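Numbering of ligands and ligand atoms starts at 1, following listing order. If you're wondering where the values come from, they're calculated on a predicted model, not measured in any experiment.
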Amino acid sequence: MATDQFDVIVVGARCAGAPTAMLLAGKGYRVLVVDRATFPSDTISTHLVHPPGVAALRRWGLLDRLVATGCPPIGTYSFDFGTLTIAGAPGTDDTPVAYGPRRTVLDKLLVDAAAEAGAQVRERFTVEDVVVDDGRVIGIRGHGTGGRTITERARVVVGADGRHSLVAKAVAPERYHEKPPLLAAYYSYWSGLPMDGRFEIYVRPDRGFAAWPTHDDLTVLIGGWPFAEFETNRTDIEGNYLEMLELAPPFAERVQAATREARFAGAAVPNFFRKPFGPGWALVGDAGYIKDFITSQGIHDAFRDAELCATALDETLSGARTFDAAMNDYQVRRDDHVLPMYEFTTQLATLEPPPPELQQLLGAVHGNQDAMNDFARVNAGVLSPAVFFGEDNVRHIMSQAVGSADTL
Ligand SMILES: Cc1cc2nc3c(=O)[nH]c(=O)nc-3n(C[C@H](O)[C@H](O)[C@H](O)COP(=O)(O)OP(=O)(O)OC[C@H]3O[C@@H](n4cnc5c(N)ncnc54)[C@H](O)[C@@H]3O)c2cc1C
C-alpha cells in the first residue's frame, strides 16, 4: 500500500503558510512547505501588523526576534477626517503596540521558524497542479529550479498561496459574500518623514491615505482612490498620489520635505470568502478569504487562520475528530470572527463619505479618550465593529457627548 510521504503539504510560505507549517511541524507532523519565492523577498503588500498579529508572534516566541530587528513600535493610531481627528491607542494591556515590519524581514522570520519547528522548507518550488485521486486531493505536482516535474504526496494539502491561489482554483470551492474591487492604492517608502510611533490615516472624499514607520528609518505611505478611477489614474500614479496628499496640507508639507526612496507599487483586490476545506485540502490566508487592505487586516487574519486550521488539522490527523467536523469548526470560527470587520472594511473602501449616523457618532467619539481608544481598537481588529457600533455602545457614547459633540 502506498504511504503518504508527508502528513501535510503547505503551498505558500508567507504569513499564512509558514505559521501553519510551523504549528503542525511543532506538533510532530511531517510537513513540507513550498514556495516559488526565496526568502528574504518582498511581495506587493504594505505591512501594518496590528496588536492581534503582534500577540500571535509573541505566542509563537517570535516577537523578541522581530523587536531585535529594530522595527519601531506604533502606539497611536490617528484618523484625520479633515474636520476632526480621532487619535487613540490600538492595543491592550498585554499587547499595547503594533509594528510595521518589512515583509522581507517578517516573512523570513516566519519561514525560519517553520524550518526550526521541523518543517521541510523548499524554496524556488513552483506548484503547477494538485494531484487528485477519486475526488480527493492527495498531493502536488511542480518543479524546482531544475525544471524536472516532481510529485509529492500528503494526507492534506493546504493552499496558503495567496490571492491568486492555484490550489483554490484547482479545487474550485464555493465563494460567498462576494464584492468587487473597491479601491486602487499605491505605496512607496520615504526617508525624512518621521512618524514618532504613530499610524496616521487621512480620510477625504474619494481619497484615503495612511503612513507609518518601518525598518531603516523609513516610512511607508499608501494612498488610493475608488476602483472606478483605476484606469484613468494609472497613467500618472505619482501625480495623482501627490495631488491626493494636498488634501491634508500639513501632511503634504511633511512629505515635501521627505525623500521617496522606492518605486511605487500598488494593487486592487476583490472581496470574497471561499469555503476553506474539502476532501484532502484546506485554504488559509488570502487563498481562503480576501478583502480590501484599507483596514490592514490580512496579516493577522492569516496568522489566525494558521492557528485555527493547524488546530483543526491536528484534531483530524490525530484521529480525535473527523476531517469535516474539525474543518467545519475552522470555517465557522473564521467567518464569525471576520464578518463584521469584512463589512466595516468594504464600507470604508468605497471611500464614500460616512453616512450621517456615523458622522454623528464620530463627532461624539472625538475628544472622548476611551471612545477614541475603542475606535482605534476597532481598526486594529482588537474590538469587533459589531460591539463598537452596537446599539448599547453607541447610546453610551452619545450620552456622554450630549451638548459637547463635534461634527464631522
Ligand atoms: C497593496 C496591499 C497592501 C496591504 N497592506 C497590508 C497591511 O498593511 N497589513 C496587513 O495586515 N495586510 C495587508 N495587506 C494584505 C496582506 O498582504 C495579505 O493579506 C497577506 O499577505 C496574506 O498572506 P498569505 O500568506 O495568505 O499570502 P501571500 O503573502 O500572498 O503569500 C502567498 C505565497 O504563496 C506563494 N505561491 C503562490 N502560488 C504559488 C505556486 N503555484 N507555487 C509555489 N508558491 C506559490 C507566493 O510566492 C507567496 O510567497 C495588503 C495587501 C495589498 C495588496
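- For the 3.5 Å distance criterion, the side chains of Y176 and D335 qualify, holding a donor opposite an acceptor.
- Cation-pi check for R254 over F251 is not met; the charged atom does not lie both under 6.0 angstrom from the ring centroid and within 45 degrees of its normal.
- Figure legend: R59 and F303 shown without cation-pi pairing, the cationic atom not lying both under 6.0 angstrom from the six-membered ring centre and within 45 degrees of its axis.
- The environment of R333 atom CZ is sparse: at most 12 non-hydrogen atoms of other residues, nucleotides or ligands sit within 6.0 angstrom.
- Under the 6.0 Å distance and 45° angle rule, R30 does not count as a cation-pi partner of F6.
- Because its NZ or CZ atom is not both nearer than 6.0 Å to the ring centre of F273 and within 45° of the ring axis, K275 does not count as a cation-pi partner of that residue.
- The 4.0 Å heavy-atom shell around ligand 1 contains residues G12, R14, C15, A16, D35, R36, I44, S45, T46, H47, L48, R103, F125, T126, V127, A160, D161, G162, W212, A267, G285, D286, F293, S296, Q297, G298, I299, ordered by chain and number.
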